[in-house]
Amino acid sequence: MQKIPFDAARYRERVKQRAPKSKTLLFCLRAFWVGGLICCVGQAVRDLLDYCFPLTEDELSAATAIILVFAGGFLTAVGVYDQIGAYAGAGSVVPITGFANSVVAPAIEYRPEGLVMGVGAKLFSIAGPVLVYGIGSSIIVGLVSLAFGG
Amino acid sequence: MAGKRRGERSLIFPTRPHVVSAGSVAAQNEAAGPLGSLFDMVLEDDTWGENSFEKAERKMFESAVRIALDKAKLRSGSLHCLLGGDLLNQIVSANFAARQLNVPFLGLYGACSTIAESLLIGSVLVDGGYADTVACAASSHFSTAERQYRFPLELGTTVPPTAQRTVTGAGCALLSGKGPMGGAPFRNIVVTGATIGRVVDLGISDASNMGAAMAPAAADTILSHFGDMEETPDDYDLVITGDLGRFGSSMLLSLLNDHGVDLTKKHLDCGNLVFSTKQKFNSGGSGCGCPAITLAAHLLGKVEIGEVKRMLFLATGALLSPLSSMQGDTIPGIAHALVLEMNREAMGL
């Protein structure tokens, strides 16, 4: 039988050297301004709510989050958020609107497989890890705080 | 061993099966590319009125076969065999299309190499006298491939520059063992040889860089083909690969260069033909449909009119699954090659 006529390690090295690289600085700048803008919008929403309604600090935070999550979900549903994401990368993933996007996108995607095993089972296929490790680590922090913090 | 083998893994087809017809179905992004005007059918909407992308893809597969049959003025009942596949789990697009077509069917999976695998086996069937008329088809759909291999469509993600875009399209070529047919669009194209690919894995594990993962398989098949057939690039007008894309193509040329084979002037890649660089799909097109529609809509026509007299057509496949990727496996590649040429009579020989 013929041998594969190529040196695997040398090939991998060559691919690593020659592969076109992502423009990291450009993507950082995009992430910064889009992410910053989303946060500014969030702050504006909060200030506006504060101005218009007599809400406590906690209620203001909750109301702002609700509005931003709705906006993220809405923009996902009308097919805009994925375009923002393709441009801004982490800038649109990190804010809470990105979390909404990661839940609504599978909801749309898996609708043809039905409401139970489609939407129901796959809803958190992207956001799931965030929930698992977010809630998991908060439990650990809580236990540590209970044991040592009093 | 029988006299139709050459070297380690190449075959010749002495009866020279004819490619008599082809059909192609594509979507809007493909229609906006350089080959846009050549497709037999372009979908307005990539769901094609169905309630899932998967249903649309199988309809595309079926339509590509029907178009190829219609153009040759044949009925599906005259098909002795349908060969083909797609990218989806259990090749559902091909299986469900075959259910509608109701013909003898062999489902194949070679990832994006499927169209070449189909044509190779089809030529063997025809040359061996086991079939007179064989349809070889393959399909892929951007939206079905994304959800199977990557993320939901509406999720905002960025892709690296080596990533390729899955072509939404289905292509079919009809082989005939009885020479050119009365009403068929192609009269001059014959399949004269093939080289069966082997699985080559040089340890690339980045699923966003499939071109680099498949390039070694393509290089391996090309080198074996030239060795087995005792040929050189000078024997061909064109060596065309399936979906290596821009970066994968450059890696293929560099691997061949290491072995003293210079294909720079002879090589093209379907992934680079189907989308223009202006369309910003990073490294180019990919998917079973990429070589299938490029062959059906563009390349066969070139051979028919003699613009390309002899062509080595390779389709390359990345044999990964989402599971193998998640388990950290590297990406095995495969490439099958076919010799498509203008028949001697047409060249006046």
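All chains are named by letter (A, B, ...) in the order of the sequence lines, taking the proteins before the strands, and each is independently numbered beginning at 1.
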Requested in this report: Select one option (side chain, backbone, both, neither) describing which atoms of A:Phe27 are under 4.5 Å from chain B's heavy atoms.
Outcome: side chain
Query raised in the report: Thinking salt bridges, do B:Lys59 and B:Glu50 make one under a 4.0 Å N-O criterion?
Result: yes
Requested in this report: Mind telling me whether A:Tyr87 and A:Trp33 have parallel, tilted or perpendicular rings, with 30° and 60° as the class edges?
Outcome: perpendicular
Report summary line: Most heavy-atom pairs under 4.5 Å with chain A, out of B:Asn209, B:Leu255, B:Asn51, belong to B:Leu255
Report task. Tell me, for A:Gln83 versus chain B, whether the close heavy atoms (under 4.5 Å) come from the side chain, the backbone, both or neither. Result -> neither
Requested in this report: Please assess B:Thr241 against B:His267 for the test side chain to side chain donor-acceptor pair (under 3.5 Å), listing each intermediate value before the final yes or no.
Outcome: CA-CA 8 Å; B:Thr241 46; B:His267 173 257; 2.7 Å; yes
Report task. Check the side chains of B:Ser250 and A:Arg18 for a donor-acceptor pair under 3.5 angstrom, ignoring hydrogens and angles. Result -> no
Query raised in the report: Quick check: are there more than 12 heavy atoms from other residues, nucleotides or ligands sitting under 6.0 Å from CZ of B:Phe151?
Result: no
Query raised in the report: Given that the side chain runs from C-beta out, which part of B:Asn282 has a heavy atom under 4.5 Å from chain A: side chain, backbone, both or neither?
Result: neither
Query raised in the report: If you draw a 6.0 Å radius around NZ in B:Lys266, do more than 12 non-hydrogen atoms from other residues or ligands fall strictly inside?
Result: yes
**Report entry** Atom group of A:Ser92 that falls short of 4.5 Å from chain B, counting heavy atoms
**Finding:** neither
Query - Heavy-atom proximity to chain B below 4.5 Å, by part of A:Val15 - result: both
Query - Residue part contacting chain B, namely of A:Arg111, when any heavy atom lies under 4.5 Å - result: neither
Query - B:Asp45 CG: over 12 foreign heavy atoms closer than 6.0 Å - result: yes
Query raised in the report: Is it the backbone or the side chain of A:Arg30 that comes under 4.5 Å from a heavy atom of chain B, or both, or neither?
Result: neither
**Report entry** Residue selection (most heavy-atom pairs with chain A, distance under 4.5 Å) from B:Gly156, B:Ser283, B:Ser143
**Finding:** B:Gly156
**Report entry** Residue part contacting chain B, namely of A:Ile84, when any heavy atom lies under 4.5 Å
**Finding:** neither
Requested in this report: Against chain A, work out which of B:Ala212, B:Ser52, B:Gly227, B:Ala215 has the most heavy-atom pairs shorter than 4.5 Å and name it.
Outcome: B:Ala212
Report summary line: Scored by heavy-atom pairs under 4.5 Å with chain B, the best of A:Ser125, A:Gly79, A:Gly89, A:Ala77 is A:Gly79
Report summary line: Interface check, chain B: of A:Gly98, A:Ser22, A:Ala88, A:Pro5, most non-hydrogen pairs under 4.5 Å belong to A:Pro5
Query raised in the report: Is a donor on one side and an acceptor on the other found under 3.5 Å between the side chain of B:Gln164 and the backbone of B:Asp243?
Result: yes
Report task. Could you tell me which of B:Asp220, B:Leu223, B:Asp201, B:Val159 has the largest number of non-hydrogen atom pairs under 4.5 Å with chain A? Result -> B:Asp220
Report summary line: Cut-off 4.5 Å, heavy atoms of chain B, and the answer for A:Lys21 is backbone
Query raised in the report: Would you call B:Arg147 and A:Glu113 a salt bridge, taking side-chain N to carboxylate O under 4.0 Å as the test?
Result: yes
Query raised in the report: Ring centres of A:Tyr11 and A:Phe6 under 6.0 Å apart?
Result: no
Query raised in the report: Using a cut-off of under 4.5 Å for heavy-atom pairs, which of A:Ile126, A:Val93, A:Ile108 has the most such pairs with chain B?
Result: A:Ile126
